[in-house]
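The next block holds one structure in the form of C-alpha cells; read it before the comments.
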Amino acid sequence: MAENTREIVLDTLLEMERGREYSNQIIKAVLDKYDYLDSQDKRFIKRLAEGCVERRIELDYILNQYSTVPVNRMKPLIRCLMRMGVYQILYMDGVPDSAACNEAVKLAGQRKFTNLKGFVNGVLRKVAARKDEISLPDFEAEPLRHLSVRYSMPEWIVQMWLEEYGTQQTRELLEQLLAVHPVTVRFAGRITQAQRQAYVENWQREGVRVTPSEYLDYAYYLEGVQGVTGLAGYAEGAFLVQDISSMLCVEAAGLREGAFVMDVCAAPGGKALLAAQRAAHVLARDVSEQKMERIRENARRMGLEDKMTLELWDACLPDESRAESADVVFMDVPCSGLGVLGKKRDIKYRVTPESLKELTELQRRIIEGSWRYVKPGGVLMYSTCTINRQENQDMCGWICENFPFTLEESRQLLPRQAHMDGFFFARLRREMDQAGGI
C-alpha cells in the first residue's frame, strides 16, 4: 500500500507541536523510518515539513488574513493542515494549488474532522486565488513587524539584531538563514590529495554536486546528497560532516604536535576529532552519554581511538586532578543556537529573552568550572554557535575581567558569509603565574 506523503508530514508536524524534540531530530527519524520510499517522496516530506516550521510566522500571518478562526485557536491537526496547504500554494511550484487544497480536505475527513472540511477548503482556496495579492506589513510603517513576518523570525530577535548589526546587515542575515545550505564535509588528515579527488569524482558520478571550500583545502560542500552514510569513503572514515566555522575554530587554536588538548563540551565532536589529528592526545568530555557514544563511533570510524579519551563529565564541576594540564582547552558552551537556525529551524520559537539570561548564567558556571585546566601560557578557545553579543563578545570581556586571560583573537562569523553557520570563537591566552578567579 502506497504511503500518503502528506499524511506523514502531518504526523511529523503534530509531533513537533508536542515540543519534546527539535524539528531536525524528528524529521531525521521520520526519513529513517520511511527510508524505503523513493528519493522524490523523501525530498517532498523533508521540504514540506521543514518549510512549515521555517515559515511558520509568515504562514500564520497569511492564514489569519483569510480565516475567521485565528490560527492559535484552531485544533492542532487543522492548524498543521492549513500551514501545509499554504506552504505548498506559495512555495512549491511543482504542486498544483488544487492538489494542495484537495489533499488537505481529504486528510481532514480521514482524521475525523469531516465537519471542518468546508472550512479547510474555503480558506485554502481563498489563499490560492489571491496569492498574488498577499501583502505583508509595510516596511516603512512597521519595519520590525515587516521583517518578522517576511522572514518568519520572532520580533524580539529581529530587534536584537537590528540594534547589533543595523537594518541592511540584519536583512542579509535573515535572508541567509532561510537559504538552502549545502552539507559540509572534511577529509581525514591521512587522506591524500589524490584520494580526495577520487572520492570527489565518485560522489559526482552519484549525482552529488561537489564544490571545494574557499577557506580550507580539506573541506568540501555537497549538494543534492540524501545522506552521507551511503557515500564512498564514509564507512572507511575518510571524511566527517563538520561546518567550516567549527574547523576554523580549531585552526585558530594553533595546535602543535605533542600538545595535550581538553574539550570540555565536546558534542557533537567535530572539533575534538579534528584536534586529535593535530595533537598528541585529546580528552573529550560531555554531560550526555548518548552524545558521547556518537563521538566514540566517529572516533572508531576515523581511526582516532588511540588519540582520544572520552569521559562523561559536567563541565560546571571543577576537576582538580586536571588543573593546569592542557595546552589548549576548547570550550564550546551551550548557547541560544541562533547561528544554526538554517539547520535547527524551530530554535527561534523556543529561545526567549529569559532563556538567554539562563544560558549566560550556565556559560559562566562552565567557565568557572573549567578555566583552570589551561596551563599558564596555554590557550582557551571559547566558542558558541550563536550571533548574540551577550553570549559572545560580552562573555569574553567577562572572562578577561575575572580570570587570568588575555584576548588574542575573536571572530564573529555570520551565516551570510558563504556556506557557513553563524558562529563565534575567541582565542584567549592564560597569563603566566596568575591565580585568577572570582
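Treat the numbers as computed from the prediction; the structure is a model and nothing was measured.
For the pair R429 and L380, the minimum side-chain heavy-atom distance is 4.5 Å or more. Side-chain contact between Y87 and R55 is present, with at least one heavy-atom pair separated by less than 4.5 Å.
In this structure E15 satisfies the side-chain hydrogen bond (donor to acceptor under 3.5 Å, both in side chains) test together with R18, sequence neighbours excluded. Not counting sequence neighbours, the partners of T192 by the side-chain hydrogen bond (donor to acceptor under 3.5 Å, both in side chains) test are Q195. With sequence neighbours excluded, no residue forms a side-chain hydrogen bond (donor to acceptor under 3.5 Å, both in side chains) with R150. Evaluation of the ring-ring contact (aromatic ring centres under 6.0 Å, His included) rule for H146 yields F139 as partners, not counting sequence neighbours. For R278, the salt bridge (charged side-chain N to carboxylate O under 4.0 Å, His left out) partners two or more places apart in sequence, or in a different chain, are E251. For S246, the side-chain hydrogen bond (donor to acceptor under 3.5 Å, both in side chains) partners are Q242, not counting sequence neighbours. With sequence neighbours left out, W313 forms a ring-ring contact (aromatic ring centres under 6.0 Å, His included) with no residue at all. Residues that satisfy the salt bridge (charged side-chain N to carboxylate O under 4.0 Å, His left out) test with D286, not counting sequence neighbours, are absent from this structure. With sequence neighbours excluded, the residues satisfying side chain to side chain contact (heavy atoms under 4.5 Å, CB included) with Q193 are R196, Y220.
Nearest heavy atom pair, residue T12 against residue I26, reads CG2-CG2, 3.8 Å. Between L177 and P415 the shortest heavy-atom distance is CD2-CG, 3.7 Å.
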Practice problem: Would you sort out whether R186 and Q277 count as a side chain to side chain donor-acceptor pair (under 3.5 Å), showing the intermediate values? | Solution: CA-CA 12 Å; R186 67 164 177 84; Q277 291 183 184; 3.0 Å; yes
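R365 and E358 are not joined by a salt bridge, as no carboxylate oxygen comes within less than 4.0 angstrom of a charged side-chain nitrogen. With respect to R389 and E164, no salt bridge is recorded, no charged nitrogen being found less than 4.0 Å from a carboxylate O. Using a 4.0 Å cut-off between a side-chain N of Lys or Arg and a carboxylate O of Asp or Glu, E175 and R171 do not qualify as a salt bridge. Ionic pairing of E17 and R79 is present here: one or more N-O contacts between side-chain nitrogen and carboxylate oxygen are shorter than 4.0 angstrom. No salt bridge links R300 with E297; every basic N to acidic carboxylate O contact stays at or beyond 4.0 Å.
Rounding to the nearest 0.5 Å places CE of M292 at 9.5 Å from CZ of R285.
Note on residues 265-275: pairs passing salt bridge (Lys or Arg N to Asp or Glu O under 4.0 Å), not counting sequence neighbours, are K271-D332. Pairs of residues two or more places apart, or lying in two chains, never qualify as side chain to side chain donor-acceptor pair (under 3.5 Å) while including a residue from residues 254-270. The salt bridge (Lys or Arg N to Asp or Glu O under 4.0 Å) analysis of residues 26-38, with sequence neighbours excluded, yields the pairs K28-D32, D35-K42.
Applying side-chain hydrogen bond (donor to acceptor under 3.5 Å, both in side chains) to E324 and the options K375, R372, R430 leaves one that passes, R430.
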